[in-house]
Amino acid sequence: MDIDQSKLVSTIDKSKVVKYALEADIVHFRKSGLSFQDIADEFNVSGKVPSDDSLDKFVVMRYLQKNTSINITRTYGLRLQPGSKEDIGMNTGQGQGQTARLIRDNFIAKVSHLASRAEGCTLKQTPEYIRADSGLPSDTFNVSVLLQPRLAAENEAILEETVHYFTDKKYPMALWSWESKDSVTFETLRQAGLKEAETNIAMYADLDVLHPGTECPADFQMKEIASPAEAEQFGDVLVSLFGESEEGAAVRAFYRKISRLPLWGPSLMKLYIGSYRGRPVSTGTLMFTDDSVGIYDIATRSDFRGQGFGSAMFRFLVGEAKKGKPRLCVLQASPDGIGIYKRAGFEPVCEVTVYENRHLVE
């Protein structure tokens, strides 16, 4: 029987930190933002640990977990120094700021994946912002993400490209910000005419400790889409959330457009559909990056809610995510849904504020 060595820490391994008097250093390194692997590497090249008795990241993790109160949240090798461009602006402490950045980057990967491939879409990426233009009047898919922290009124060029670009086209859009509402960015966006539309909670979990279960309502089946027709069915479920609105029509047009893309097989983005007695009623998406896997688009047709389909889809997505390489799972929850995800093992990191311009273009 094969044994996963990552799950085991022998008595000898557990004592290495004490054996070589590394206790103070290991805590210092963790507080400095180093990942478990970075800490192990530091010790292995320091001369404090014999080459034939080296540490690995699991020894570091288990020691911190069992012997200190230090937050052991994975940093996956990202070292954000206090005051760095990547660290400032996030409405968290430094350790959580690193996780917030990973959540933001996964969201950007999802937005970029479709915008860089679908016909009629354009994607612009700069060090200050990401802008995805779907070619349709849709604030679901016309998205700007600010990377420039503490956006001020004098940053007119960024406002022009992320806000006025869409308003001038009479296209609704959504701008996503990971900054605190106390920052100058909030006031700058307000002065630019944007309104706060919603606030989500960015959350994370270690897939290795999640046990989602397999409970599923009778006659409900879930699967990854495998054809253009199923991609359109996925879109139809999401369209049902918007009724007969213009946004609903734009969402339907977008999924008809992307149904021609290879969204199945080895794609980094995987779309899933849940059917009840043969009728598509629920959706979910996974976005894989090198560092994380994101859960998105969990939705159920309004006339099929309250029957456990959404919860079953969530558990199914976690199970599918566990099959991949990244061990960090991320999502964004509404304030009403945060309790569900916390009970499942996810932890909140920060707020994500979404601003819209729809009132300026209607």
Side-chain angles (χ1 to χ4, degrees), residues 80 83-93 96-97 99-112 115 121-203 245-247 250 294 296 330-335 338 348-362:
L80 303 188
S84 68
K85 182 176 180 178
E86 293 85 351
D87 186 47
I88 58 176
M90 294 288 189
N91 51 7
T92 66
Q96 287 191 322
T99 306
R101 180 187 170 193
L102 288 174
I103 298 173
R104 183 194 68 185
D105 289 351
N106 190 282
F107 176 76
I108 290 173
K110 179 179 184 287
V111 170
S112 303
C121 294
T122 59
L123 177 69
K124 186 171 183 179
Q125 304 181 68
T126 77
E128 291 78 29
Y129 62 86
I130 304 291
R131 186 188 72 205
D133 181 352
S134 69
L136 296 165
S138 168
D139 55 21
T140 302
F141 301 108
N142 294 333
V143 174
S144 293
V145 180
L146 289 179
L147 307 180
Q148 166 74 42
R150 298 170 185 162
L151 186 69
E154 54 265 27
N155 300 122
E156 180 60 31
I158 297 176
L159 288 170
E160 182 65 35
E161 292 291 334
T162 58
V163 179
H164 305 317
Y165 167 87
F166 289 109
T167 302
D168 291 345
K169 293 176 66 172
K170 301 298 182 183
Y171 271 14
M173 56 80 68
L175 185 147
W176 294 65
S177 173
W178 272 251
E179 288 195 57
S180 168
K181 295 176 185 178
D182 294 331
S183 75
V184 66
T185 298
F186 177 80
E187 180 61 22
T188 300
L189 295 176
R190 189 189 67 79
Q191 291 179 0
L194 297 188
K195 288 185 177 180
E196 181 182 339
E198 62 185 77
T199 299
N200 299 318
I201 312 299
M203 307 185 75
S245 65
E246 292 183 2
E247 183 66 22
Y296 301 94
V330 302
L331 56 81
Q332 296 179 47
S334 68
I338 187 172
V349 178
C350 66
E351 291 185 346
V352 182
T353 308
V354 183
Y355 304 87
E356 293 183 353
N357 72 335
R358 182 173 289 276
H359 61 287
L360 300 176
V361 300
E362 291 181 333

List the residues meeting ring pair (Phe, Tyr, Trp, His ring centres under 6.0 Å) with Phe141, not counting sequence neighbours, and say none if there are none. Phe254, Tyr255
Tell me whether the count of non-hydrogen atoms from other residues, nucleotides or ligands lying under 6.0 Å of NZ in Lys169 goes above 12. yes
Does Glu246 have more than 12 heavy atoms from other residues, nucleotides or ligands lying within 6.0 Å of its CD? no
For a side-chain contact (heavy atoms from CB on, under 4.5 Å) with Pro172, tell me which candidate from Thr167, Thr140, Val361 qualifies. Val361
Are the side chain of [X] and the backbone N or O of [Y] linked by a donor-acceptor pair below 3.5 Å?
X      : Y      : result
Thr185 : Leu151 : yes
His164 : Ala192 : no
Asn106 : Ile103 : no
Glu247 : Asp139 : yes
Asn142 : Pro137 : no
Asn357 : Tyr171 : yes
Gln148 : Tyr129 : no
Tyr296 : Phe107 : yes
Arg104 : Trp178 : no

Drop me the distance from [X]'s [atom1] to [Y]'s [atom2], to the nearest 0.5 angstrom.
X      : Y      : atom1 : atom2 : value
Arg131 : Ser112 : CZ    : OG    : 12.5 Å
Asp168 : Leu360 : CG    : CG    : 10.5 Å
Glu196 : Glu356 : CD    : CD    : 10.5 Å
Glu128 : Asn155 : CD    : CG    : 8.5 Å
Glu179 : Glu351 : CD    : CD    : 13.0 Å
Leu147 : Ile130 : CG    : CD1   : 5.0 Å

Give the minimum heavy-atom separation between [X] and [Y], together with the two atoms involved.
X      : Y      : answer
Ala153 : Gln191 : CB-OE1, 4.5 Å
Gln332 : Trp176 : OE1-CZ3, 3.1 Å
Ala132 : Ala115 : CB-CB, 3.7 Å
Ser144 : Phe166 : OG-CE1, 3.7 Å
Pro348 : Ile201 : CB-CG2, 3.8 Å
Met203 : Ala333 : SD-CB, 3.9 Å

Applying side-chain contact (heavy atoms from CB on, under 4.5 Å), run through Thr126 and Ile158 and close with a yes or a no. CA-CA 10 Å; Thr126 77; Ile158 297 176; over 6 Å; no
Do Thr353 and Phe186 have side-chain heavy atoms sitting under 4.5 Å apart? no
